[in-house]
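No hydrogens, no waters, no symmetry mates; every other heavy atom, side chains included, goes into these values. Fair warning: this is a prediction, and the values are worked out from it, not measured in the lab. Each ligand, and each atom within it, is numbered from 1 in the order the structure gives.
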Amino acid sequence: MERIVFNTILARKDENIMDAVMKWDFENKAREIIDILNEKKFDARYAKDSNEAKKMVEELIPEGSKIAVGGSVTLNETGILSDVIRSPKYNFIDRYNAGSYENMIELYRQGLTSDVFVSSVNAVTRQGQLVCIDCTGNRVSSLIFGPKKVIVVVGVNKIVDTLEDGIKRCRRVAPLNARRIPHEGTPCFEDGVCKEEICRMKARVCNAIGIVDGCCYNPGRITVIVVPEELGY
Ligand code: SF4
């Protein structure tokens, strides 16, 4: 009996140690990518967890701002969408209550001239690039030009080495969007495997891949809040 208890304690201790090692690794990855992004003139910042990221987003958005968002699991998971973006102190261009496809497109168009665009991306490369894949392109275009200010929130699970890895990651996770939205009838919908070569229907979720390769023309326009957690996809 004593031996079983002792082994259980040891196993729990091992788990705690592994958790601590992983946390440390995540923190190192976050700080490393922040330095790389700042060197490319993004305004990259460290948030110790999702809660801190949420507070930082709120502090960055002036009251009364016209806000738009990119479709993002990260914004949902962190509570940024429900607790910050939907706050009555902002003027949220609410794409989630568009009512019709035509109105949704109109709201996307309005988002291009928002004061602040808040989003995540699908990958951040160690070459200092933000990479994302879109159905309509509203997120890709808003990241690149339009909104006066952009805030991107990312977990360390999205950090990859190269641009090629970033694009691969976009394509690997895209079937999850086909499921989430949902876009039934896409070739990846049932088995989660992209079959781009036969995907030509209107429901295709991958029509635009965007790369932001730096913020030198307007330093700090894009704030990237990096969280040492696994967030979204
Ligand atoms: S290209 Fe088509 S099959 Fe591939 S992930 Fe996108 S929607 Fe799915």
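Inspection of the environment of atom 8 (Fe) of ligand 1 yields the following protein N, O or S atoms under 2.8 Å: C188 SG.
Listed by first then second residue, pairs satisfying salt bridge (Lys or Arg N to Asp or Glu O under 4.0 Å) with a partner in residues 81-109 read K54-D83, E58-K89, R86-D94, E106-R109, not counting sequence neighbours.
A distance-only check finds no donor-acceptor pair linking the side chain of N207 to the backbone of T136 [under 3.5 Å]. No donor-acceptor distance shorter than 3.5 angstrom exists from the side chain of N138 to the backbone of G111, with no hydrogens or angles considered. Between the side chain of R169 and the main chain of Y233, a donor-acceptor pair closer than 3.5 Å is present.
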Stepwise side chain to side chain donor-acceptor pair (under 3.5 Å) test for T223 and D43: CA-CA 4 Å; T223 292; D43 167 36; 2.7 Å; yes
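Looking at S120 and K158, their side chains do bring a donor and an acceptor atom within 3.5 Å of each other.
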